[in-house]
Protein chains: 2
Amino acid sequence: MARPRTARTVEHPDLSEVSLQQVLEALVDPVRRLVVAQLAAADEDMSCGTFEAPVSVSTLTHHFNVLREAGVIRQYYVGTTKLNALRADDMEQRFPGLLGAVLAASAAEGGAVPA
Amino acid sequence: MARPRTARTVEHPDLSEVSLQQVLEALVDPVRRLVVAQLAAADEDMSCGTFEAPVSVSTLTHHFNVLREAGVIRQYYVGTTKLNALRADDMEQRFPGLLGAVLAASAAEGGAVPA
DNA sequence: GCCATAGTACGACCGCCGTCGAACCGCGGC
DNA sequence: GCCGCGGTTCGACGGCGGTCGTACTATGGC
């Protein structure tokens, strides 16, 4: 069949259901901001395993969930890996300038992985 | 003396010493955002006692401290009262667009005291 | 069928932050 | 000098969120 039984879909909130509080809580954690920064810097969607972050894998999963539920990222399965994309456009529509400002500030103080 | 002995001055950080982390932590608390929103809506500096917030006075004092240390507000004594002002310009220079975006989003979802 | 790989779920731990009340301080009236 | 009002300080408490390891599930390759 075209639609595999265990299609492993992921739930994403409509941005109208997301509160400013949620987004700020999502962005206030340094690890999550690291994730978002790397995602913004990449020109392609990234799989969960390719992120640089000083935490364990299970913790990272947790952070992805928070970001997804806050509408900051979109996730989808491709085979055995899960890809992540920034919902920059959606965010811009719901909270104009917010993500951009955080990203800019984040980059300005060495936001991405400091190598 | 022109300078009264117990001048009750207040320490304010230079915005260059303030991290994005600090500012986000300051703005993530709903009560503090309420304070900032009221300050932004007012056309004059406000004394500590005139804010609408669902917390005790001592808690409010704590929030003011956090906001001040994050460089979001400026405080100064006038007689027996303490006045509060937004450091909007300073913030704009250090983190362009950030405070504005938060304020706008905050206002959009009924930021100020819902009467 | 079987294994390796990618990610998830669950439960436990722990530190931090927001909250409060009570005691206190300092200034300005009177 | 004394009081009262505006704010602060201090200590205690409680809950929530970030962290981890371990056990688990799902997919794809062989």
Side-chain angles (χ1 to χ4, degrees), chain A residues 1-12 19 21-36 39 45-70 72-85, chain B residues 1-12 19 21-36 39 45-70 72-85:
Chain A
M1 296 305 116
R3 175 169 65 72
R5 270 221 301 72
T6 336
R8 288 224 275 181
T9 53
V10 188
E11 292 286 328
H12 293 91
S19 65
Q21 186 62 32
Q22 250 180 299
V23 175
L24 289 179
E25 278 172 5
L27 294 178
V28 79
D29 185 288
V31 175
R32 286 195 286 265
R33 229 159 43 236
L34 213 59
V35 167
V36 171
L39 216 39
D45 298 353
M46 300 174 62
S47 86
C48 290
T50 62
F51 287 85
E52 296 279 341
V55 292
S56 73
V57 184
S58 56
T59 299
L60 211 42
T61 294
H62 165 66
H63 286 312
F64 283 127
N65 288 339
V66 174
L67 285 171
R68 191 187 62 243
E69 282 160 21
V72 180
I73 64 172
R74 167 166 287 122
Q75 303 189 283
Y76 56 97
Y77 281 97
V78 171
T80 176
T81 75
K82 198 179 198 174
L83 292 186
N84 302 272
Chain B
M1 296 305 122
R3 177 169 65 70
R5 271 220 299 72
T6 337
R8 288 223 276 181
T9 53
V10 188
E11 292 286 329
H12 293 91
S19 66
Q21 187 61 34
Q22 250 181 298
V23 175
L24 288 179
E25 278 172 4
L27 293 178
V28 80
D29 186 287
V31 175
R32 287 195 284 266
R33 229 158 44 235
L34 213 59
V35 166
V36 171
L39 217 38
D45 298 353
M46 300 175 63
S47 86
C48 291
T50 62
F51 287 85
E52 296 279 341
V55 293
S56 73
V57 185
S58 55
T59 300
L60 212 41
T61 294
H62 165 65
H63 287 311
F64 283 128
N65 288 338
V66 174
L67 285 171
R68 191 187 62 244
E69 281 159 22
V72 179
I73 64 172
R74 167 166 286 121
Q75 303 190 282
Y76 56 96
Y77 281 96
V78 170
T80 176
T81 75
K82 197 179 199 175
L83 291 187
N84 302 272

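Letters A, B, ... are given to chains in the order of the sequence lines, protein chains preceding strands, and every chain is numbered from 1. The structure displayed is predicted, hence computed values, not measured ones.
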(request) Compare side-chain N and O positions of B:Ser47 against OP1 and OP2 of D:dG7 and report whether any pair is under 4.0 Å apart. (result) yes
(request) Send over the distance from A:Leu34 CG to D:dT19 P, rounded to a whole Å. (result) 11 Å
(message) How many whole angstroms separate atom CG of B:Asp29 from atom C1' of D:dC16?
(response) 13 Å
(request) Would you kindly give the CZ-to-C1' distance between A:Arg8 and D:dT27, to the nearest whole Å? (result) 6 Å
(message) On a heavy-atom basis, which atom in B:Leu83 and which in B:Val78 lie closest, and how many Å separate them?
(response) CD1-CG2, 4.0 Å
(message) If I take atom CZ in residue A:Phe64 and atom P in nucleotide C:dG7, what distance separates them, rounded to the nearest angstrom?
(response) 8 Å
(message) Using only atom types and a distance under 3.5 Å, with no angle test, would you say the side chain of B:Gln21 pairs donor to acceptor with the backbone of A:Val28?
(response) yes
(message) I'd like to know if B:Ser58 reaches the base of C:dG21 with its side chain, counting only an N/O donor and acceptor under 3.5 Å.
(response) yes
(request) May I ask you to decide if A:Asn84's main-chain N or O and A:Arg68's side chain share a donor-acceptor pair within less than 3.5 Å? (result) no
(message) Could you tell me how far apart A:Leu83 (CG) and C:dG7 (P) are, to the nearest whole angstrom?
(response) 8 Å
(request) Grab the CD-P distance between A:Glu11 and C:dT8 for me, whole Å please. (result) 15 Å
(message) Does D:dT27 have its OP1 or OP2 closer than 4.0 Å to a side-chain nitrogen or oxygen of A:Thr80?
(response) no
(request) Find which nucleotide of DNA chain D each of A:Gly79 and B:Leu60 is nearest to by heavy atoms, and output the residue with the more 5' nucleotide. (result) B:Leu60
